[in-house]
Amino acid sequence: MAQFQSLPGFREFYPDALARRNHIFRQWRRAAHAYGFSEYDAPILEPLDLYKAKSGDEIETQLFSFTDKGGREVALRPEMTPTVCRLVGEKANALKRPIKWFSIGEFYRYERMQKGRGRSFFQLNADIFGEPGIEAETELIALLIQCLRGFGLGAEDFYVRLSDRNLWFYYLETLGLDEARVRGILSAVDRYEKLGDDAFKDYVTEFGPLDAELKAKVIAFMGVKTMSALEATLGALVSDKLQARLGDWRRLLANLAAMGFGDCVEVDLGVVRGLAYYTGFVFEAFDRKGDLRALAGGGRYDTLIGKLGYNEMPAVGFGMGDMTFALLLEQRGLMPAFGPTTDVYVVIGGEAERTAAFLDIAGLRAAGYRVDYSLKEVAFGKQFKAAAESGAKLALIYGGDELAKGVVKFRDLSDRSEHEIPRASVVEAVRDYFTTGGTA
RNA sequence: GCGGCCAUAGCUCAGUUGGUUAGAGCACAAGAUUGUGAUUCUUGGGGUCGCGGGUUCGAAUCCCGUUGGCCGCCCCA
């Protein structure tokens, strides 16, 4: 039977599955366009070094990488960020700012499959370049929320956890830690939710015993879930950077609340995101119930474009994958059923009538209507059954009796009413039906 | 990279202590039905039981290996 299988972790999209995927992409595009983002795309095969430069050599074990016939070390793209940074970096001086871009593409990672994760997946990426202030975060997080709300998901279904690596740095600095120790603590914070106290083991190995009072403060800070708790913890501390940053937080949350998204966003300093390249606000979107993986994640990365060899440019972005998202929509019953899409089904009496029918079928199709008919000569009963199953609202009957009179029978499949129309005005009659009387 | 469970028709699954030509429902196709709608009835196509090896007179069934799938750990850009 199965002589050739698809490669492990790769998905095949039969028409019903592709309809669901397209539905997701359509809503994402609609949201991104509504927020003034422009769509771009780029190669799926890139130089391996592009990813090593961002993530280090060890990333190679999780890439689909190989040597091409020209001896180049290449990799299927595992993410969009390095590529879009190159696009922006190359033409930084010519691009009007702020640069608001998005793309929807397929990505590849050589990993074990799990629920919500495969070796190939699609991802929406949205980024804003050239804006260092929280106005960029406002716009981007709002887009993320709209990308979820566009499907009918609400604050009871998902929430965005908002955190800030800068706030962690400034706070831990006031507690006397140097940069290396701060990074060690952040690494522990990233794992604390899963590992509990064991998350601090690496820190202790590297820097020695962790002061009990410091550890208590770190754990308490992780637990901060509201702006007022944040202000209670930090408000009295003497640090200009810290107090200015609190102001950023207030403005960002106020902006999102003003857009009506306040109930979708929660302060949560427990989120730091492992990636070393994030430099400010970070955020992740999660399902409120259930145990799904993160729906989306992102943050500010002001230094990455510089690390890739271009002039530094502020940037903030997020990515949202299709697999976990589709699981959520299915769980909530928000994935529509997609069937065949036909406007008009043409019933043909026999071979003699087929020639006349073809002319009108072609005319209707040229006018933009979705028209179908039986490829072979079959009984009328079968054709009407096929018409009903096709989803068509209208059937046009080309029979010998009608054509002899120069007419076509026009049947409304929803109420089973029918009347005759002149053949010469078929396109007009169909157009009239769908623009006025048609029950779409 | 590590671990658990699983693999019979396109799908969901039966298949007795190992026993003759491997079944059902759904789906698909044709007919009953030579001009009007999802019913009903009849019929049909489709499987080297994931693959390979072993035990046996005999394997879908037992054993080993392997590939693939689901799930978890690691990781998660």
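The chains referred to below are lettered A, B, ... by the order of the sequence lines, with proteins before strands, and numbering in each begins at 1.
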Specify the separation, in whole Å, of atom CD of Glu418(A) and atom P of rG35(B).
-> 14 Å
Between Phe358(A) and Tyr373(A), does the ring centroid distance fall short of 6.0 Å?
-> yes
Please answer whether rU36(B) and Phe384(A) are stacked, defined here as ring centres separated by less than 5.5 Å and planes angled under 30°.
-> yes
Would you please indicate yes or no on a ring centroid separation below 6.0 angstrom for Phe221(A) and Trp168(A)?
-> yes
Determine the contact category for Gly298(A): base if any of its heavy atoms lies under 4.0 Å from a base atom, sugar-phosphate if only primed atoms, P, OP1 or OP2 are that close, otherwise nothing.
-> nothing
When all nucleic acid strands are considered with a 4.0 Å heavy-atom cut-off, which category describes Pro78(A): base, sugar-phosphate, or nothing?
-> base
Considering only the P atoms, how many Å lie between rG50(B) and rC13(B), rounded to the nearest integer?
-> 15 Å
Once you round it to whole Å, what is the distance between P of rC74(B) and CG of Asp202(A)?
-> 13 Å
Looking across every strand, which nucleic acid part, if any, lies under 4.0 Å from Arg191(A) by heavy atom: base, sugar-phosphate, or nothing?
-> sugar-phosphate
Base paired to rU36(B) (Watson-Crick or G-U; both N/O distances under 3.5 angstrom) | none
Answer for the Watson-Crick or wobble partner of rA24(B), both distances under 3.5 Å, is rU12(B)
Residue matched to rC73(B) through Watson-Crick or wobble contacts both under 3.5 angstrom = rG1(B)
Scan every strand shown for a Watson-Crick or G-U wobble partner of rG58(B), both distances under 3.5 Å, and answer none if you come up empty.
-> none
Establish whether the base of rG35(B) is bridged to the side chain of Glu353(A) by a donor-acceptor pair shorter than 3.5 Å.
-> no
For rG47(B) versus rG15(B), give the span between their C1' atoms, rounded off to a whole number of Å.
-> 14 Å
Using the C1' atoms only, state how far rU39(B) lies from rU66(B), rounded to an integer number of Å.
-> 50 Å
Classify the nucleic acid contact of Glu111(A) as base, sugar-phosphate or nothing, counting any heavy atom under 4.0 Å across all strands shown.
-> base
Looking at rC75(B), does its base get a donor-acceptor pair with the side chain of Arg117(A) below 3.5 Å?
-> yes
State yes or no: are the ring centers of Phe107(A) and Phe64(A) separated by less than 6.0 Å?
-> no
rG69(B) C1' sits how many Å from Arg112(A) CZ, rounded?
-> 10 Å
Interatomic distance at P, rC57(B) relative to rG1(B), whole Å | 41 Å
Phe107(A) atom CZ is separated from rC75(B) atom P, nearest whole Å, by 23 Å
Roughly how many Å is it from NZ in Lys115(A) to P in rG72(B), rounded to a whole number?
-> 7 Å
With rounding to whole Å, what would you report as the distance between rA30(B) and rG45(B) at their C1' atoms?
-> 10 Å
Could you work out the separation of rU8(B) and rA60(B) based on their C1' atoms and round it to a whole Å?
-> 7 Å
Ring geometry between Phe129(A) and Trp101(A) (parallel below 30°, tilted from 30 to 60°, perpendicular above 60°) | perpendicular
Partner of rA7(B) under the Watson-Crick or G-U wobble criteria, both distances under 3.5 Å, comes out as rU67(B)
How are the rings of Trp28(A) and Phe25(A) set relative to one another: parallel (under 30°), tilted (30 to 60°) or perpendicular (over 60°)?
-> parallel
Val378(A) vs Tyr398(A), nearer the 5' end of RNA chain B by closest nucleotide = Val378(A)
Distance, rounded to the nearest Å, where Ile59(A) contributes CD1 and rC74(B) contributes C1' | 14 Å
Which value, in whole Å, describes the distance between the C1' atoms of nucleotides rA9(B) and rA24(B)?
-> 11 Å
Scan Gly400(A) against the nucleic acid and name what it touches under 4.0 Å (heavy atoms): base, sugar-phosphate only, or nothing.
-> base
Pair Phe325(A) + Phe151(A): ring centers closer than 6.0 Å | yes
Pairing partner of rA29(B), by Watson-Crick or G-U wobble and under 3.5 Å for both distances, is rU43(B)
For Asp343(A), all residues meeting side chain to side chain contact (heavy atoms under 4.5 Å, CB included), sequence neighbours excluded | Tyr369(A), Arg370(A), Phe434(A)
Just checking Gly349(A): base, sugar-phosphate only, or nothing, at a heavy-atom cut-off of under 4.0 Å?
-> nothing
Please work out whether the ring planes of Phe410(A) and His419(A) are parallel, tilted or perpendicular, with thresholds of 30° and 60°.
-> tilted
By nearest-heavy-atom nucleotide on RNA chain B, the more 5' of Gln114(A) and Tyr108(A) is Gln114(A)
Does any N or O donor sit under 3.5 Å from an N or O acceptor when you compare the side chain of Arg411(A) with the base of rU36(B)?
-> yes
Atom NZ of Lys382(A) to atom P of rU39(B): distance rounded to whole Å?
-> 10 Å
Rounded distance (Å) that lies between atom C1' of rC75(B) and atom NZ of Lys194(A) = 8 Å
Do any side-chain nitrogens or oxygens of Lys385(A) fall under 4.0 Å of OP1 or OP2 in rU39(B)?
-> yes
Interatomic distance at P, rC64(B) relative to rG4(B), whole Å = 13 Å
